[in-house]
Number of protein chains: 2
Amino acid sequence: MALEHAILTALSEQPGSGYELARRFDKSLGYFWSATHQQIYRALAKMHADGWLTGATIEQDGRPDKKTYEVSAVGRGELRRWIAEATDMTPIRSDLAVKIRAARAADDPILLDDIARHRQQHVNRLDLYLSIEKHDFGDGQPLDDERLHQFLVLRGGIAAERASIGWLDEVVEALQRSRAHGRVAVAAGASA
Amino acid sequence: MALEHAILTALSEQPGSGYELARRFDKSLGYFWSATHQQIYRALAKMHADGWLTGATIEQDGRPDKKTYEVSAVGRGELRRWIAEATDMTPIRSDLAVKIRAARAADDPILLDDIARHRQQHVNRLDLYLSIEKHDFGDGQPLDDERLHQFLVLRGGIAAERASIGWLDEVVEALQRSRAHGRVAVAAGASA
DNA sequence: GGTTTCATGTAACTAGTTACATGATTTA
DNA sequence: TAAATCATGTAACTAGTTACATGAAACC
């Protein structure tokens, strides 16, 4: 149910068009709530119809009209209502965890390749977050509420990526050890 | 696309009925790929129709018939094919991250309550994982491939829960500091 | 006598993905 | 001259959620 609330959040920070929102969902907020442009256009139409947003059409020459949206009083109320609502942990769905669990041939180089690819993706994502942290929050300046919240969410992303990388290192090490020792390993990680 | 592959994995470890699978998805595999009984029954029917599973109906008195399934050669092939297929990082969708980012009133006690609830849920989940680790893998015995894989996936869950708890501690501390200092904070966490 | 367990499902709905479509403008 | 950007969508499909339904047996 949170796509609409993520859009309300984004448009509260800065009004804009569907296209602009889609760009923002490719970064920033989108790191913590991913959405494609198709989803966004559909949600905007519904939210506008429900009165959560006010819209204005801007004519442009040589280009399709641009529709910009901002959050209405009703939309602000809905966002407040949602924030006050208790939510539970999001259920996890990890392809890679299922794959690791499914693989009988522990030392299958194909699986190790895929694990290495995932690890690299997490390293890239961590580097990105760290560069944003340095660039946007690295000056030790006091933060107002809005920027503090952005900072804290980014810190969550950093923590998650570090945990993923550490875990995948443990996985690779264990699988390689198991391969080296005739496919039998001990639960050495349990004491780590 | 992985629900069907998660079911193939579960039925490879141990054949069973839809009901039994739904129980297993409430724990074990389900910690890393959640699914409800409705999804599972629907998927089983489709997988059976597609020849990925063989099924047998067991008549019982006083109870509905039980349908047990096991993985066919076709299903095993499909699971192998999927494991060999490269997959990307699962996109993240975190309600709580969106909420934190959306909250203007940083020290709003309602949001702090919800954060505390989430933290407690992660602590409970971590405790559960640690007790499984101790019970199932704590004896230092060598692990065969299947058990090693189960262990490694569990270690991923432990790492993720620890990261979540650490992050939420940082969030609470920062929000409380911001409240104490007239709603302005510094990016102190950046050096942590 | 009330809840939990066993055992299966259907139906309606909401959310997310993938593919297709159009067309001018700007950049390499 | 080819690709990327701007700017909007529709359509078909797949996946996930929520609500409803049935009924005996075992447990407290």
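Below, chains carry the letters A, B, ... as their sequence lines are ordered, and counting in each starts from 1.
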Partners meeting side chain to side chain contact (heavy atoms under 4.5 Å, CB included) with [X] (sequence neighbours left out):
| X | result |
| --- | --- |
| B:Q120 | B:V123, B:N124 |
| B:S72 | B:T54, B:V74 |
| A:E85 | A:R81, A:W82, A:T87 |

How long is the line joining [atom1] of [X] and [atom2] of [N], in whole Å?
| X | N | atom1 | atom2 | answer |
| --- | --- | --- | --- | --- |
| B:M47 | D:dT14 | CE | P | 16 Å |
| B:K46 | D:dG16 | NZ | C1' | 15 Å |
| A:L44 | C:dG16 | CG | P | 14 Å |
| B:W33 | D:dT17 | CH2 | P | 11 Å |
| A:Q39 | D:dG16 | CD | C1' | 13 Å |

Checklist line | Charged N-O contact under 4.0 Å between A:R147 and A:D144 | finding: no

Under the side chain to side chain donor-acceptor pair (under 3.5 Å) rule, collect the residues that match up with [X], sequence neighbours excluded.
| X | value |
| --- | --- |
| A:K67 | none |
| A:R125 | A:Y129 |
| A:S28 | B:R101 |
| B:K46 | B:D50 |

Taking only N/O atoms, report every protein-nucleotides 7-10 of chain C pair under 3.5 Å with atom names and distance.
unit_1, atom_1, unit_2, atom_2, d
C:dA7, OP1, B:Q60, OE1, 3.0
C:dA7, OP1, B:Q60, NE2, 3.2
C:dT8, OP1, B:K67, N, 2.9
C:dT8, OP2, B:Y19, N, 2.7
C:dT8, OP2, B:Y41, OH, 2.9
C:dT8, O5', B:Y41, OH, 3.3
C:dT8, O4, B:H37, NE2, 3.2
C:dG9, OP1, B:K67, NZ, 2.2
C:dG9, N7, B:H37, NE2, 3.3
C:dG9, O6, B:H37, NE2, 3.1

Notebook entry, point to check: What distance do B:F151 atom CZ and B:I158 atom CD1 have between them, rounded to the nearest 0.5 Å?
Noted result: 7.5 Å

Notebook entry, point to check: Does a side-chain N or O from B:R93 land closer than 4.0 Å to OP1 or OP2 of C:dG16, or not?
Noted result: yes

Next item on the list: Go through the structure and list residues passing ring pair (Phe, Tyr, Trp, His ring centres under 6.0 Å) with B:Y69, not counting sequence neighbours.
Entry: B:H48

Notebook entry, point to check: Roughly how bent is the helix from C:dG1-D:dC28 to C:dA28-D:dT1 end to end, in steps of 10 degrees, with each end axis from five pairs?
Noted result: 50°

Atom pairs and distances, donor-acceptor, side-chain atoms in residues 37-44 of chain A, under 3.5 Å, two or more places apart:
unit_1, atom_1, unit_2, atom_2, d
A:Q38, OE1, A:T36, OG1, 3.4
A:Q39, OE1, A:T36, N, 3.1
A:Y41, OH, A:Y19, N, 3.4

Next item on the list: Strictly below 4.0 Å, heavy-atom distances to any atom of DNA chain D: list the hits from residues 23-31 of chain B, or just say none.
Entry: none

Next item on the list: Select one nucleotide: of C:dT17, D:dG16, D:dT17, the one nearest the side-chain heavy atoms of B:L3.
Entry: D:dG16

